[in-house]
Number of protein chains: 2
Amino acid sequence: MSVDAETALAHEPPGHKDELRLWLRMLTCTTLIESEIRTRLRRDFDTTLPRFDLMAALDRAPAGLSLGEVSRHMMVSNGNVTGVAARLEAEGLVERRARPGDRRAQLLRLTPKGRREFARQSAAHEGWIAELLAGVTAVERGALFRLLGHAKISVRNALPPEPSA
Amino acid sequence: MSVDAETALAHEPPGHKDELRLWLRMLTCTTLIESEIRTRLRRDFDTTLPRFDLMAALDRAPAGLSLGEVSRHMMVSNGNVTGVAARLEAEGLVERRARPGDRRAQLLRLTPKGRREFARQSAAHEGWIAELLAGVTAVERGALFRLLGHAKISVRNALPPEPSA
DNA sequence: CTGGAATAGTTTAGGCTTCAAGGAATGAGG
DNA sequence: CCTCATTCCTTGAAGCCTAAACTATTCCAG
């Protein structure tokens, strides 16, 4: 898995391919990092990125989050969260509790075991990211962060408006 | 480099929040764009991103590509390509031919219908990307492209070496 | 020539993901 | 009260994705 679509495009006839090439390079970077992280999560912790992400969301919210809140946080569909949460619950890493005063909603929280487990995973994860980005200087990182901020705003502005927020 | 997660952690003082924030922002940008593209591909062409990507790879290789070559281009597993190619073949967009002189390999090629269809899709796709990134100036795009190039190299250097190429 | 390594693809099991349809609970107006 | 829209979540169908095991073929070294 070494060639990427981006380099292949470099010899296309000139045009407005500029944004496209930027997008493909962005995608390549993200895919490279993401699949390496998936591999290591599996190898070292026998877990997956979605599980890790869900636990990360809960770790930042000690009071718990509803499934819907998790879904918005992770930018995935709500039906998706149902399944991932069910598996984490089966492993004893997450627990559900009824939300007082609303019998529709449930609060998801890390169990003590889940909190311990996530602490180990997130420490390793942070190290992995630093390792993968070690070749980018602090100055470059700052510039990238800022420019990606602009890109994020650009995309959000071009997106269809959300049902409030 | 093959240190287990625990040991690696012991040697690495915390302080990599910086890289982590950059990574999360990169991931957010990519996810936003990618899910919008998926939505539009479905809405306007009743297709998916993997199908589109596979056809894009074939479009750049008029002589055809083996399944393995497609797999490397798309940076996905070979088993995956089997399935996506099968669906595209069932829709008459792609055809398989034996590769002369090697009975293991098969060449995948766009059919005329597939080529027409992809031309429509890729024109729209290019417009969508330009639209989403319209808020990023040409100068910023250039800087982003260059910096992401550095990031890509950094990641590749940190990755376990591949079985040649 | 022959045995073993490498290569090309497929299959299988398990998990992720979306969309769409639907059930249950809530809340607001009449 | 009712009723109806809304919210929260689950389910089901279909597709994407990986790792690992497997088949078939090719290549190579002896």
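The figures that follow rest on heavy atoms only: side chains count, while hydrogens, waters and symmetry mates do not. Sequence lines set the chain letters: A, B, ... in the order given, protein chains first and strands last, and positions in each chain run from 1. Keep in mind the model is a prediction, meaning the values are calculated, not measured.
- Ranking D:dC17, C:dT10, D:dT11 by closeness to the B:Pro50 side chain, first place goes to D:dC17.
- Take the nearest nucleotide of DNA chain C for A:Met75 and for A:Gly101: the residue whose nucleotide is more 5' is A:Met75.
- In this structure, B:Asp53 CG and B:His125 NE2 are separated by 7.5 Å, a value rounded to the nearest 0.5 Å.
- B:Leu148 and B:Leu24 fall within a single hydrophobic cluster, where Ile, Leu, Val, Met, Phe, Trp and Tyr are joined by side-chain heavy atoms under 4.5 Å apart, directly or via other members.
- When rounded to the nearest whole Å, the span between CD of B:Glu34 and C1' of C:dT18 equals 13 Å.
- Proximity of residues 53-65 of chain A to DNA chain D (heavy atom under 4.0 angstrom from any strand atom) is not detected for any residue.
- Atom CG of B:Leu49 is separated from atom P of C:dT18 by 13 Å (rounded to the nearest Å).
- Of all heavy-atom pairs spanning B:Ala85 and B:Leu67, the tightest one is CB-CD2, 4.3 Å.
- Put simply, B:Arg38 has no side-chain N or O that comes within less than 4.0 Å of OP1 or OP2 on D:dG15.
- A 6.0 Å sphere centred on CZ of B:Arg43 holds more than 12 heavy atoms belonging to other residues, nucleotides or ligands.
- Side chain of A:Arg42, nearest nucleotide from D:dC17, D:dA19, C:dT18: D:dA19.
- A distance of 12.5 Å separates SG in B:Cys29 from CD in B:Glu34, rounded to the nearest 0.5 Å.
- Nearest-nucleotide assignment on DNA chain D puts the 5′-proximal partner with A:Leu107, out of A:Leu107 and A:Thr39.
- When all heavy atoms of A:Leu58 and A:Leu108 are compared, the pair lying nearest together is CD2-O, 3.4 Å.
- With A:Glu89 as the partner, the salt bridge (Lys or Arg N to Asp or Glu O under 4.0 Å) test is satisfied by one option alone out of A:Arg109, A:Lys113, A:Arg96: A:Arg96.
- Each of A:Glu69 and B:Val81 was matched to the nucleotide of DNA chain D holding its nearest heavy atom; the match closer to the 5' end belongs to A:Glu69.
- Of the charged side-chain nitrogens involved, none lies within less than 4.0 Å of a carboxylate oxygen, so that A:Glu117 and A:Arg51 do not count as a salt-bridged pair.
- Without hydrogens or angle criteria, B:Ser66 side chain to B:Leu107 main chain gives no donor-acceptor distance under 3.5 Å.
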Summarise protein proximity over nucleotides 1-8 of chain D in one line of letters, 5' to 3': B for base, S for sugar-phosphate only, - for none, counting protein heavy atoms closer than 4.0 Å.
------BS
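- For C:dT26, the OP1/OP2 oxygens have a side-chain nitrogen or oxygen of A:Arg103 closer than 4.0 Å.
- As a whole-Å value, the separation of A:Asn80 CG from D:dG15 C1' is 14 Å.
- Residues A:Pro50 and A:Arg38 approach most closely at CD-NH1, 4.0 Å, considering heavy atoms.
- Computed from coordinates, the A:Leu41 CG to D:dT18 C1' distance equals 14 Å when rounded to whole Å.
- A cation-pi geometry, defined here as NZ or CZ lying under 6.0 Å from the six-membered ring centre and within 45° of its normal, does not hold between A:Arg120 and A:Phe45.
- Summarising the geometry, the separation between CZ on B:Arg40 and P on C:dT18 is reported as 17 Å, rounded to the nearest angstrom.
- The backbone N or O of B:Leu132 lies less than 3.5 Å from a partner atom in the side chain of A:Ser154, making a donor-acceptor pair.
- Taking atom CD1 of residue B:Ile37 and atom C1' of nucleotide C:dT18, one finds them 17 Å apart after rounding to whole Å.
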Might you list the N or O atoms of the protein lying below 3.5 Å from N or O atoms in nucleotides 13-15 of chain C, with each pair's distance?
from, atom 1, to, atom 2, distance (Å)
C:dG15, O3', A:Arg51, NH1, 3.4

